[in-house]
There are 2 protein chains.
Amino acid sequence: MKQGITAKDVAKLAGVSQSSVSRVYFEGATVSQKTREKVLAAAKELGYRPNEFARSLITNRTKIIGLVMKGVQNPFYPQVLKQFTTAFKKLGYSILFVYTNNDEIQKDDIDTLLNYNVAGVIITDATLSLQANEDLFNNRIPLVLFNRKIVGNKFFSVCCNNLEASKQIAQYLLKTGCSNMIYISGNENTSTSKEREKGFVTVLEENKVKYKKYISDYTYEGGYETIEEIVSQGKIPEAIFVANDIMALGVIDALKKHQISVPDEVKVVGFDNIEMSAWPSYSLTTWEQPINEMVKRTVDYLTAEINEYSGFTKNIEIDGRLIVRNSTYNS
Amino acid sequence: MKQGITAKDVAKLAGVSQSSVSRVYFEGATVSQKTREKVLAAAKELGYRPNEFARSLITNRTKIIGLVMKGVQNPFYPQVLKQFTTAFKKLGYSILFVYTNNDEIQKDDIDTLLNYNVAGVIITDATLSLQANEDLFNNRIPLVLFNRKIVGNKFFSVCCNNLEASKQIAQYLLKTGCSNMIYISGNENTSTSKEREKGFVTVLEENKVKYKKYISDYTYEGGYETIEEIVSQGKIPEAIFVANDIMALGVIDALKKHQISVPDEVKVVGFDNIEMSAWPSYSLTTWEQPINEMVKRTVDYLTAEINEYSGFTKNIEIDGRLIVRNSTYNS
DNA sequence: TTTATTTTTGCATACGTATGCAAAAATATA
DNA sequence: TATATTTTTGCATACGTATGCAAAAATAAA
């Protein structure tokens with residue numbers, strides 16, 4: 001069980017005690033400059049590397065952030081992954097990546113996070129059970145729901161202001177003269193889809209404008225198939241608001257297949273502003289999620305809670321902006 | 001420093017020793033069924049959870065796989081990420097995700113992997129220094145280069161058979177009657193781009209067919225800009241082989257912008273078979289990477305090396321297949 | 001029933017580090 | 001120079017678990 005070079009070896013070579021070696025590597029600990037230099041020289045000569053497990057065993061803390069993600073193949077989330085990894089790396093944290101195939105994170109994934117006593121958890125597009133939340137709380141592990149929220153507000157969540165966004169989208173489409181619209185939702189139970197619908201519907205009802213909702217699943221194929229259904233019903237609307245961009249791209253491709261001209265016959269608006277939205281084959285009008293600010297707020301909250309756990313909860317909603325492209329406007 | 005429920009607490013409640021508790025949780029250890037039941041009942045009642053750090057400190061092993069990724073926003077790699085996470089989760093391993101912005105993994109990232117004494121490392125689209133490789137070797141941490149290889153063959157790498165693929169792509173384009181072609185490369189120094197070029201060029205030279213190479217960077221924008229350059233030079237080829245799909249999509253959009261008809265005037269072939277290649281707006285002919293087999297071979301090698309480290313190296317090349325769509329063939 | 005063999009268990013210890021506390025060393029003040 | 005104060009250091013210990021080994025218990029054989 002004997003491993004490599006230890007703090008004892010370094011201490012011997014540097015002519016100090018093991019606890020002085022430890023103090024050199026422990027931020028904020030008191031150690032003289034002279035001792036520090038001796039230790040670092042010895043450590044370098046021996047190729048010493050602090051043992052992270054021994055440290056975590058003593059401190060009961062890690063420099064690991066658990067990141068739980070479901071829709072990793074939606075181009076919005078790799079961007080999120082990249083930004084979180086980059087931001088936390090600067091702070092000395094590593095990312096334990098958990099992929100989940102379910103709307104709700106599974107118990108064995110929670111167990112993994114607890115077993116490693118991660119410093120914090122981010123769940124990007126899934127939810128979690130009350131039991132799981134309690135487990136994290138009891139272990140004083142701060143949690144952020146990213147781009148999701150759960151009714152009851154016992155969580156810290158960071159989202160785009162979906163309600164305001166969808167109101168503005170509705171108003172924008174009204175202003176372009178549309179009077180017959182549909183909303184294509186994501187997975188029925190997600191907070192994002194519900195709110196995007198609500199804002200949209202509220203404005204349309206205030207203006208006594210006809211609308212209809214179709215349920216889909218946040219995938220390209222789901223968007224495509226919904227248009228197939230709408231076309232087969234012979235009910236082509238003047239405008240379509242789609243709950244996310246990847247689905248909207250499927251909508252556009254299906255409309256093209258049926259020789260339905262965008263935006264002349266049907267206007268299409270998505271949500272996210274993924275990279276592909278700007279591609280000329282789509283040129284999708286969309287709501288840009290304020291991803292930089294969302295990541296920043298998440299990182300700020302987690303680092304504050306890691307430093308001093310309070311368990312406080314809040315729902316943060318950040319405004320994005322409408323990006324108008326050729327799916328709603330002829331340029 | 002006192003943490004939660006420990007094996008001692010469980011032992012006391014179950015009326016056995018701490019080492020018997022440990023034996024229940026350690027696979028392969030000898031423990032009677034009666035003792036096992038008593039321990040598990042006590043553990044459940046107390047909500048016991050083995051401390052991963054104490055374990056790793058003793059065993060010097062973890063159940064963490066380091067996954068280093070550069071092009072996380074190329075749709076090929078989120079798919080890879082998802083599959084690795086799923087495959088290793090079944091084996092009880094978690095993924096420590098490392099994003100790198102560089103062609104070569106940086107020292108501080110290697111340090112992270114070493115500090116956590118990961119059980120294995122996968123690097124998907126970057127390389128590493130000889131020093132880094134030596135560090136991993138000295139710590140008996142198995143490494144796989146995924147979709148990359150380094151000349152000299154001192155690594156274990158798993159790739160698509162790029163040479164054979166690009167030969168077949170060249171032959172396919174010849175058979176369609178093209179006699180004037182270009183190759184758009186990825187980042188100049190990557191093994192994948194070099195090999196995809198080599199196979200292509202070899203066949204074209206054997207057949208005395210004109211070709212030209214343009215250097216790009218594996219991004220959509222890179223592909224788009226290369227076409228802008230080619231068009232400004234007034235040298236429209238009959239066929240374009242692009243080193244990866246995301247770049248090929250940019251190529252198609254730029255050709256469309258210039259009213260250049262695909263495949264009538266120019267045929268376009270990509271590489272990867274990402275999800276977007278099948279979208280009707282592109283319908284890209286491409287070489288499908290055998291991702292399932294590549295992931296399987298990687299997982300198999302790592303688990304074998306984790307069980308019994310040998311350090312053996314090999315270059316695995318797996319055949320993919322040509323997927324013909326409308327960018328080369330009118331249907 | 002006694003003896004031999006196998007299985008199970010507990011004791012004692014180690015893994016590598018951080019940390020409370022008292023002692024030693026360094027610095028400041030009279 | 002002596003005293004007071006502050007800074008630095010080493011000692012001893014604990015963190016929670018796995019493990020070598022001898023002892024105890026269980027099982028098999030004579």
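Letters A, B, ... mirror the listed sequences (proteins, then strands); counts begin at 1.
Regarding A:Asn60, its CG atom lies at a distance of 18 Å from the P atom of D:dA14, rounded to whole Å. Distance, B:Lys12 NZ to D:dT17 C1': 19 Å, rounded to whole Å. Rounded to whole Å, atom C1' of C:dT17 lies 8 Å from atom CZ of A:Arg55. Between B:Phe53 atom CZ and C:dT17 atom P there is a gap of 15 Å when expressed in whole angstrom units. Distance B:Ile58 CD1 to D:dT19 P: 8 Å, rounded to the nearest Å. Rounded to an integer number of Å, the gap from CG of A:Asn51 to C1' of C:dG16 is 6 Å. Rounded to an integer number of Å, the gap from B:Leu57 CG to C:dT17 C1' is 8 Å. Computed from coordinates, the B:Tyr48 OH to D:dG16 C1' distance equals 8 Å when rounded to whole Å.
Judged by distance alone, the side chains of B:Arg148 and B:Thr124 never bring a donor and an acceptor atom under 3.5 Å apart. Between B:Thr190 and B:Ser193, the side chains place no donor N or O within less than 3.5 Å of an acceptor N or O (distance only, hydrogens not considered). Looking only at atom types and distance, the side chain of A:Asn60 has a donor-acceptor partner in the side chain of A:Asn117 under 3.5 Å away.
Annotation: B:Tyr25 is in aromatic contact with B:Tyr48 [ring centroid separation under 6.0 Å].
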Between the protein and nucleotides 4-11 of chain C, list the N/O to N/O atom pairs that are separated by less than 3.5 angstrom.
from   : atom 1 : to      : atom 2 : distance (Å)
C:dT9  : OP1    : B:Ser32 : OG     : 2.9
C:dT9  : OP1    : B:Thr35 : OG1    : 2.2
C:dT9  : OP2    : B:Ser32 : N      : 3.1
C:dG10 : OP1    : B:Ser17 : N      : 3.3
C:dG10 : OP2    : B:Ser17 : N      : 2.9
C:dG10 : OP2    : B:Ser17 : OG     : 2.6
C:dG10 : OP2    : B:Ser20 : OG     : 2.5
C:dG10 : N7     : B:Ser19 : OG     : 3.2
C:dG10 : N7     : B:Arg23 : NH2    : 2.8
C:dG10 : O6     : B:Arg23 : NH1    : 3.4
C:dC11 : N4     : B:Ser19 : OG     : 3.3

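The nucleotide C:dA22 finds its pairing partner in D:dT9, both defining distances of the Watson-Crick or G-U wobble pair being shorter than 3.5 Å.
With A:Tyr301 as reference, A:Phe156 is the one residue of A:Phe146, A:Phe156, A:Phe155 to meet the ring pair (Phe, Tyr, Trp, His ring centres under 6.0 Å) rule.
Between A:Leu91 and A:Thr303, some side-chain heavy-atom pair lies under the 4.5 Å cut-off.
The phosphate of D:dG16 (OP1 or OP2) has no side-chain N or O of B:Tyr25 nearer than 4.0 angstrom.
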